[in-house]
Amino acid sequence: MGSRRLKSYAGLFLSTVLLILGIAPLIHLIAVISINGIYVITKNFPGFFFEERPLPGSEEIGGVGPYIVGTLILTAIASLIGIPISILAAIYTTQSIRSRIGPLTSTFVRAIIEFPTIIIGLSVYGVLRSLDLALQMIGAQSPIPRFSALSGSIALAIVMAPFIYSQVEVSLKGVPMHLKEAIYSLGGSKLASSYILLRYVKASILAGVAIGVGKAMGETAPLLFTAFGSDHYPVGGFEALLKPVGALTLAIYNMALSGYSNWVEASWGAAFILLSISIALFTVIRIITRSG
Amino acid sequence: MDRLAVNRRSFFNNGDILFRFIGISNIAIIMTIFLVVFILSSEGFKIFLRDGLNFILTSSWSGVKESYGILFALGGTLVTGLMAILIAMAISIGSSIAIVEVLPRRLKSVAGFFLDLAASVPTVIYGLWGLFVLSPFVFTIVGPPILEPIKSYLGYPGSLGTSLFTASILLAIMISPFAAAIIREALISVPRHIDEALHSLGLTKFEVAMLKLRYIRRSVLVASMVAYGRAVGETIAVSMVVGNVMNPEFWKILNPGYTIASLIADQYQNAESYYYMVPAIFGAALILFAIGLLVNTVVAIISRSGKYGE
């Protein structure tokens with residue numbers, strides 16, 4: 001009897017140790033990024049948010065302004081493309097029961113949702129490159145250059161859409177049957193009923209959108225072959241969307257591996273900014289899903 | 001005001017026709033995914049046409065010689081993925097048991113919060129932490145005195161402590177929240193009558209937990225596959241700690257090396273300078289794609305054949 005108890009305590013103790021091992025790295029990570037990041041940002045306080053990257057190996061910290069702007073542009077355009085398409089598609093899937101397109105969409109989305117995101121960036125690059133090469137043969141120019149803010153946004157939209165789609169699909173399917181019947185019995189069109197349903201689940205749709213936007217903003221890999229990166233502010237209005245653009249994630253990756261101490265320091269500051277935004281987004285999502 | 005009401009009524013009644021147009025978004029999504037698969041296969045196929053299976057079975061990566069074989073990266077991917085999943089399953093199973101069976105109610109949600117937050121941190125931030133905190137830590141804790149004698153068997157880390165082993169540890173940290181979420185969810189949703197029946201047998205708490213774990217073994221398997229898929233596809237964080245060195249002896253895990261994903265990420269800037277490097281990168285991505293598809297298919301098969309039970 002005693003040995004069974006002892007074994008039980010040992011097992012539960014081991015589980016708790018493993019839980020601590022699972023959480024400790026995150027807490028350490030948050031602490032290290034915050035301490036280093038805040039230290040770096042205070043060295044060049046307001047300037048860090050809008051200045052450009054300094055010369056490598058110099059004493060200056062400089063700033064990450066262009067990367068913040070780049071991340072905002074990429075995420076905004078990706079959201080403009082990705083959010084409406086994925087919400088509308090999820091509505092169609094759940095509301096048109098006899099359609100074959102709906103289940104097919106779900107199958108495809110489920111196949112791609114956990115895919116390595118580098119593959120998505122690479123595919124966008126591949127399609128745009130083929131398009132460019134084909135158009136060059138007839139002497140024309142591709143409307144979307146492969147290394148541009150626009151192509152980066154397309155890649156992020158493809159990364160983001162499956163998450164929003166599945167979340168909206170699940171929440172629309174989860175509406176209680178008696179409520180659906182009541183809405184259909186109003187005699188309105190499918191569009192009108194969908195609109196009413198959508199309002200009923202708006203909290204969870206908002207959460208889905210936030211999850212998707214958060215994913216897109218934190219992505220690095222799909223941008224390597226598309227947005228490519230740039231260290232200067234985008235200039236020239238809409239023309240700028242056709243040129244390479246920087247992003248916080250790309251900047252952290254490149255500067256951390258650069259080996260120059262002032263760039264490495266800047267990457268800590270950039271990481272702190274990115275981490276703060278993603279923790280804030282996560283908390284918002286938590287609050288929405290808990291209260292909804 | 002009157003016209004608005006009419007408009008509203010017509011929207012209310014004629015929306016069926018408009019509704020069909022919404023289906024365009026579905027077609028757009030399907031076409032996009034189709035295009036992704038198509039371009040990957042058609043571009044990647046070129047390198048297989050030239051090199052055949054040698055592309056997978058040899059180790060070389062040289063733009064100047066236009067010679068590409070990704071065995072070293074494929075091996076690195078499989079080795080790091082396997083080590084990461086072993087560590088991650090221990091952590092995720094342990095922490096799920098701890099959260100469901102040990103922790104008091106208030107701490108349960110705190111622990112759950114942190115695990116879910118860990119899953120949402122951008123991977124490049126894990127990479128930064130891995131490069132400047134984890135790698136030196138691994139290097140000093142293993143330490144040169146221990147490293148020197150086993151050097152010829154397991155290799156030696158690069159500067160800053162980057163190695164396949166370091167990448168595996170970082171991957172394990174990154175993927176265990178995903179596995180833990182699935183296992184925890186399954187443990188919580190074990191039917192109440194089964195929970196009560198187990199407790200009524202007079203078993204200890206840990207014995208109950210072990211039996212419950214047996215009961216949800218399908219979910220544990222799904223969790224491990226999902227986590228493995230993530231580990232294989234993770235690009236940026238791995239690229240920052242794996243060393244990015246061509247290491248044909250990928251079983252020497254303390255050497256720096258490459259994974260397929262980190263190879264692609266590392267080579268993006270000079271890909272277009274060489275004639276066959278772009279197809280080679282697509283070929284590498286195609287293999288990554290195949291592994292991912294395999295993992296997703298297995299997950300789908302396991303989940304379809306009943307969530308729990310025999």
Side-chain angles (χ1 to χ4, degrees), chain A residues 4-5 7-8 11-12 14-16 18-19 21-23 25-26 29 32-33 85 88-89 91-93 99 101-102 104-105 108-109 111-112 114-116 118-120 122-123 126-127 130 158 161 188-192 214 218 220-221 224-225 249 252-253 256-257 267 271 274-275 278-279 282, chain B residues 11-16 18-19 22-23 25-30 32-33 35-36 39-40 43 90-91 94-95 97-99 101-102 111 114-115 117-118 120-122 124-125 128-129 131 133 173 176 180 204-207 226 229-230 233 235-236 240 261 264-265 268 282 285 288-289 292 296:
Chain A
R4 272 178 66 202
R5 263 208 163 146
K7 214 174 131 190
S8 174
L12 294 177
L14 181 70
S15 305
T16 315
L18 286 168
L19 172 67
L21 272 179
I23 294 179
L26 174 76
L29 176 146
V32 170
I33 301 265
I85 287 186
L88 288 176
I91 292 173
Y92 188 84
T93 302
S99 152
I101 299 175
L104 193 66
T105 319
F108 269 60
V109 164
I112 207 172
E114 287 295 345
F115 255 51
I118 183 121
I119 288 185
I120 293 175
L122 199 59
S123 307
V127 170
S130 309
I158 300 176
S189 67
K190 274 185 178 169
L191 199 62
T220 320
L224 292 174
F225 284 87
T249 52
I252 296 168
Y253 176 63
L257 290 171
S267 74
L274 188 64
L275 185 64
S278 69
I279 291 179
F282 175 81
Chain B
F11 165 74
F12 197 77
N13 293 329
N14 300 332
D16 277 344
L18 277 173
F19 183 78
I22 294 182
S25 333
N26 294 61
I27 294 170
I29 290 182
I30 294 171
T32 307
I33 297 172
L35 205 60
V36 164
I39 198 78
L40 217 57
E43 290 285 322
I91 290 182
S95 53
I97 292 178
I99 289 180
E101 304 288 338
V102 183
F114 276 111
L115 277 178
L117 176 63
S120 78
V121 169
V124 69
I125 291 181
L128 185 69
W129 180 81
L131 178 63
V133 179
I173 292 171
S176 32
T204 62
K205 240 182 169 182
F206 187 65
E207 284 166 346
V226 168
R230 286 212 146 250
T235 308
I236 292 300
M240 291 170 88
I264 298 174
Y268 81 102
F282 273 95
L288 211 54
F289 177 86
N296 275 1

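As the structure is a computational prediction, the values presented were derived from the model and not from experiment. Labels below follow one simple rule: chain letters A, B, ... track the order of the sequence lines, proteins then strands, and each chain is numbered from 1.
Nearest heavy atoms, B:Ile264 versus A:Phe225: CG2-CE1, 3.6 Å. A:Ala256 and B:Leu128 get closest at one heavy-atom pair: CB-CD1, 3.5 Å. Looking at every heavy atom in both residues, B:Gly94 comes nearest to A:Leu18 through CA-CD1, 3.8 Å. Residues B:Ile91 and A:Gly22 approach most closely at CG2-CA, 3.6 Å, considering heavy atoms. Among all heavy-atom pairs drawn from A:Thr249 and B:Val124, the shortest one is O-CG2, 3.7 Å. The shortest heavy-atom contact between A:Gly126 and B:Phe282 is CA-CZ, 3.6 Å.
Applying the ring-ring contact (aromatic ring centres under 6.0 Å, His included) criterion to A:Tyr253, with sequence neighbours excluded, gives no partner residue. Residues forming a ring-ring contact (aromatic ring centres under 6.0 Å, His included) with A:Phe115 (at least two apart in sequence, or on another chain): B:Phe289.
With a 4.5 angstrom heavy-atom cutoff, B:Ile22 touches chain A via backbone and side-chain atoms both. Of the two parts of B:Ile173, only the side chain, counted from C-beta on, holds a non-hydrogen atom closer than 4.5 Å to a non-hydrogen atom of chain A. With a 4.5 angstrom heavy-atom cutoff, A:Leu26 touches chain B only via side-chain atoms. Within the 4.5 angstrom heavy-atom criterion, atoms from both the backbone and the side chain of A:Val127 approach chain B. Using a 4.5 Å cut-off between heavy atoms, A:Leu224 touches chain B through backbone and side chain atoms alike. Both the backbone and the side chain of B:Ile30 come within contact range of chain A, with heavy atoms under 4.5 Å apart. Of the atoms belonging to A:Ala161, not a single heavy atom falls under 4.5 Å from chain B. Of the two parts of A:Ile91, the backbone and the side chain both hold a non-hydrogen atom closer than 4.5 Å to a non-hydrogen atom of chain B. At a 4.5 Å heavy-atom cutoff, the contact between B:Val36 and chain A is made by backbone and side-chain atoms alike.
Here the side chain of B:Asn26 pairs no donor or acceptor atom with the backbone of A:Gly102 at under 3.5 angstrom. At distances below 3.5 Å, at least one donor-acceptor pair connects side-chain atoms of A:Ser8 with backbone N or O atoms of B:Phe206.
For chain B, the option among A:Pro116, A:Pro25, A:Ser15 with the highest count of heavy-atom pairs below 4.5 Å is A:Ser15. Between chain B and the options A:Ser123, A:Ala271, A:Ser99, the largest number of non-hydrogen pairs under 4.5 Å is found for A:Ser123.
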